[in-house]
Visitor: 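Can you read through this structure? Questions will come right after.
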Amino acid sequence: MIVVQMSGGLGNQMFQYALYRRLKSLGRDVRIDDWSQYVPREDGAVVRKLGLGVFGAQYRKASEEEVNLLTDGRTDLLSRIRRKLTGRRSLETRDTDFLFDPRFLETGEGYFTGCFQSERYFAPIGDEIREAFTFPGEFPGMSGKVRALGEKMQSGPSVCLHLRFGDYLEKSDIYGGICTREYYSRAVRLFLSRYGEKAVFYLFSDDDKRAAEAAEQFSASSGAGPEQFVPVPHDSADSTYSDLYLMTKCRNHIIANSSYSWWGSYLARSGGQWVVAPSVWMHGQGGNELRHRDIYREEMILVSPEGRLVRVPAGAAEAAGAPPASEDRDRPLVSVIVPAYNIENYIEGAVKSLLAQTWDRLQIIAVDDGSPDRTGAVLDRIASGESRIRVIHKENGGLSDARNAGLALAEGEFTAYLDGDDRMDPLMIESMVRASMITAADIVTVRYRQVEEGLAEESGSFAAKDAEEVLARGILLTGHEAVRSYVEEPDEAVVTNSVWSKLFRSSLIKDLQFPKGRNAEDIVYTTKALVRAHHVAHLPCPLYNYLVDRQGSIMNGKHAARRLDDEIPFWREKIKILRESGEDGPAEIAEYRLYRRMLIYWRQFRHPESSGAADGAASAGFGEAGERIARQLYDDRDRIREIASRPFVPAGDRWRFGLFLLSPGLYDSFAGLYEKTIVLLKQKMHEGKTAHG
């Protein structure tokens, strides 16, 4: 037996009932709990009312005993004692908002709670659902005036424009900043470009005064006549039904992030309609703004809070007769800076990975940093006949100087970086740009894949069919959340140091420069950008191919000097930037990470053979480097003890710091023993688990 819990207002109830009908069509024994969420509350809070009666909806009602059976909710003494001893044995399963979960259609038993706001739950019986939600000839709120208005809407190019106030204003942290003035203005322009002065916009809302004000504003900002914007009065409780009825009579729709207007557009039966929806549906869901894709129907045209057209499905455009007009701001230019030095065998593959991007509005700035080989000639050949590529030839100044030279010429609204020996997946730029356009994120990050020398071409691309699939996995972080992630360990972090795994709004970084003549330059640059960002979107897909252990790479040379002269000082600068930006908590975590990293480097320099640098020049200076790190740690001993006392520091690391400060030699001996026993044992256990699946 399956019981679907009914909750919320009319729009939510319709989704829940649609799931019920689909489960019935699959032969499930299914009922509806239509009472547990509609019991008057003692605190006097308003309880939504059941509204499906207007459609004459029929369903099998679940009893209290059946609900208790599935949720282990019996209140008799024996049941309470058993729950104390063995725990609750509930079959309750809650859906994830706006994410279709096929398991609800596959299981035969359970108590299902949630909104189930996706057409995918009932698409195979769509005609049956539309028939079930057909308004009868008479219903509460129906009048001659309403009927006449509905007939008028059907007679011409009408547009339902839904404005949501009320509880949406009270819960601005969840619903705010989505259906903005820019969103509505752009949607209105789409229909004016299609119908001109014939378009009539009917404004539906729960606040007549605000709707009238909005009508005046739309007329003034669009240049359309005031007679083209008609507020629909919301003058009684029965308007809930009459409004939905009238929405279904409109030929086109501009919906709010509301299940109510979603159903209004779904039930409309006009051919060739356009449905415009906001590209973000809701905030405050664990960063799931990008993942809320299943609420959208395939034919919906999506407009961002900034008023940008971010999705125009081909099917919708064809059904409407012509695609909505696009503007340059809907397809912003992206400047990609490609520094190149002495990589004649790699640079062509890097640039071709950009030319293969599904986002074609690119300004590719390739900087030949005084290469003694044929790198510059290869770039000139590739750029010949390709207007999107600009090649700069300059004297050698290092990676940072090359990037700065590219930045000086960048014209795009967004800026990205590609190292000249790496590759981008074809979907990378489009996915990042669309993530930023949908959410207004200042920075977008992706994961990367390490590729070994000689295997770059065989590594393949991330297996996603389109950017929509990538976006469906994304998360949105506040600036503070992104900073917190940035100071975590790499295997846990969403945000890492590398600039090539990111897309930046150019306005965010317009005054930032890379430190010339230094390595590990990304640390400070990324930190400065992050503390300025309001939101950061993360796409947890490996869309960047990072070549490791390339012969001649700067990452493979001057190991000790790079750690001591660049990396550690930049980490200290990172901590300073965080603290000056008011991020004291993350600054302390970053400080702990620095000292932990210095312990690791100290052992690497003390035992160069374990770092693959046992012979020759590669290990030169390791002894001196180890001494320098040891002195720095000892000089910072009071601060290390203070940081080690923080609750976020694991007990094992607290013990490591203490033992090192007591006796570096003793710590070294213990660490070596630990690696030969505990670490080796853990590796073997992991290999055993992997071998046995």
Side-chain angles (χ1 to χ4, degrees), residues 335-344 346-347 350-351 363-373 375-376 379 389-412 414-422 443 486 496-532 546-547 550 552-578 580-581 590 594 597 601 621 625 628 632:
S335 296
V336 186
I337 298 168
V338 189
Y341 176 75
N342 224 26
I343 49 173
E344 62 180 19
Y346 305 91
I347 187 60
V351 175
Q363 177 196 23
I364 302 170
I365 306 173
V367 184
D368 171 27
D369 190 35
S371 302
D373 67 354
T375 297
L379 283 172
I389 302 177
R390 178 171 181 178
V391 179
I392 302 172
H393 299 281
K394 59 179 286 294
E395 293 184 359
N396 180 252
L399 177 60
S400 293
D401 193 49
R403 285 175 173 169
N404 290 337
L407 274 172
L409 299 175
E411 300 173 355
F414 295 97
T415 301
Y417 297 92
L418 171 66
D419 282 357
D421 51 358
D422 295 337
I443 301 173
Y486 180 50
T496 57
N497 288 321
S498 59
V499 296
W500 37 256
S501 62
K502 299 173 181 63
L503 181 80
F504 300 89
R505 283 187 183 269
S506 298
S507 58
L508 188 79
I509 58 170
K510 60 183 179 181
D511 60 337
L512 295 187
Q513 293 281 293
F514 292 92
K516 184 178 179 180
R518 307 282 295 278
N519 296 310
E521 62 287 323
D522 292 4
I523 296 174
V524 171
Y525 188 93
T526 295
T527 305
K528 287 182 177 179
L530 274 178
V531 296
R532 299 177 177 185
Y546 174 71
L547 183 62
R550 175 176 65 81
S553 169
I554 61 172
M555 294 300 291
N556 292 331
K558 300 181 180 179
H559 187 79
R562 187 173 71 247
R563 299 291 197 220
L564 282 160
D565 299 334
D566 294 326
E567 189 173 320
I568 291 176
F570 282 150
W571 265 76
R572 293 187 185 276
E573 180 68 15
K574 169 182 177 177
I575 295 164
K576 180 182 177 183
I577 294 167
L578 292 172
E580 290 176 346
S581 301
L594 169 61
R597 184 172 295 225
Y601 292 165
R628 285 178 59 187
Q632 289 183 31

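Along the sequence shown, residues are numbered consecutively beginning with 1. This structure is a prediction, so every number in the text was calculated from the model and none was measured.
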Visitor: Which pair of non-hydrogen atoms, one from A529 and one from I509, has the smallest distance, and what is that distance?
Guide: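 Shortest heavy-atom contact: CB-CG2, 4.1 Å.
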Visitor: In terms of ring plane angle, is the pair F514 and Y525 parallel, tilted or perpendicular, where the classes change at 30° and 60°?
Guide: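 Taking Y525 first and then F514, their aromatic rings lie parallel (interplane angle under 30°).
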Visitor: Quick one: pull up CD1 in I575 and CG in L594 and give me the separation to the nearest 0.5 Å.
Guide: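 One finds 5.0 Å between CD1 of I575 and CG of L594.
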Visitor: Looking at OH of Y486 and CG of L578, how far apart are the two atoms once the value is rounded to the nearest 0.5 Å?
Guide: 7.5 Å
Visitor: Given side chains that start at C-beta, do those of E521 and D401 come closer than 4.5 Å, heavy atoms only?
Guide: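 No, too far: nothing below the 4.5 Å cut-off.
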Visitor: Testing the basics here: between T496 and S501, what is the closest heavy-atom pair and its distance to 0.1 Å?
Guide: OG1-OG, 3.8 Å
Visitor: For R518 versus P569, what's the shortest heavy-atom pair and its separation?
Guide: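 Nearest pair, atom of R518 first, then P569: NH2-CB, 4.0 Å.
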Visitor: Is any side-chain heavy atom of Y341 closer than 4.5 Å to a side-chain heavy atom of V367?
Guide: no
Visitor: When you compare the side chain of I523 with that of E567, does any pair of heavy atoms fall below 4.5 Å?
Guide: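 Yes - at least one pair of side-chain heavy atoms lies under 4.5 Å apart.
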Visitor: Can you tell me how far apart CG (L530) and CD1 (I577) are? Round to the nearest 0.5 Å.
Guide: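 Those atoms lie 10.5 Å apart.
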Visitor: With a 4.0 Å cut-off on N to O distance, would you call D522 and K574 a salt bridge?
Guide: no
Visitor: Roughly how far apart are Y346 OH and L547 CG, rounded to 0.5 Å?
Guide: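 Output value for this atom pair is 6.0 Å.
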Visitor: With sequence neighbours excluded, tell me which residues meet salt bridge (Lys or Arg N to Asp or Glu O under 4.0 Å) with R390.
Guide: none
Visitor: Do NZ/NE/NH1/NH2 and the carboxylate oxygens of D369 and K394 come within less than 4.0 Å?
Guide: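 Yes.
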Visitor: On a heavy-atom basis, which atom in L399 and which in P339 lie closest, and how many Å separate them?
Guide: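 Heavy atoms of L399 and P339 come nearest at CD1-CG, 3.3 Å.
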Visitor: Do L407 and N404 touch side chain to side chain, with heavy atoms closer than 4.5 Å?
Guide: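 Of all side-chain heavy-atom pairs linking N404 with L407, at least one is under 4.5 Å.
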Visitor: Ignoring hydrogens and angles, tell me if any N or O in the side chain of S335 forms a donor-acceptor pair with the backbone of Q363 under 3.5 Å.
Guide: no
Visitor: So, do K502 and S498 sit near enough that their side-chain heavy atoms are less than 4.5 Å apart?
Guide: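 Yes, at least one pair of side-chain atoms sits under 4.5 Å.
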Visitor: For R628, enumerate each residue passing the side chain to side chain donor-acceptor pair (under 3.5 Å) test, keeping only those at least two apart in sequence or located in another chain.
Guide: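 Here the qualifying residues are D565.
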Visitor: Do the side chains of D511 and R532 get close enough for a salt bridge, i.e. N-O under 4.0 angstrom?
Guide: yes
Visitor: Rounded to the nearest 0.5 Å, what separation is found between the CD1 atom of I337 and the CG atom of D419?
Guide: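 One finds 11.5 Å between CD1 of I337 and CG of D419.
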Visitor: side-chain contact (heavy atoms from CB on, under 4.5 Å) for I364 and L418? Distances and angles first, verdict last.
Guide: CA-CA 10 Å; I364 302 170; L418 171 66; over 6 Å; no
Visitor: Does the side chain of P515 reach to within under 4.5 Å of the side chain of V524, using non-hydrogen atoms?
Guide: no
Visitor: Do you know which two heavy atoms are closest between A340 and L379, and how far apart they sit?
Guide: CB-CD1, 4.4 Å
Visitor: Apply side-chain contact (heavy atoms from CB on, under 4.5 Å) to T415 and K510, showing your working.
Guide: CA-CA 10 Å; T415 301; K510 60 183 179 181; over 6 Å; no
Visitor: Measuring only between side-chain heavy atoms, which start at C-beta, is L564 closer than 4.5 Å to Y601?
Guide: no
Visitor: Specify the closest pair of heavy atoms between N342 and S371, including all atoms of both residues, with the distance to one decimal.
Guide: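 In terms of heavy atoms, the two residues are closest at N-OG, 2.9 Å.
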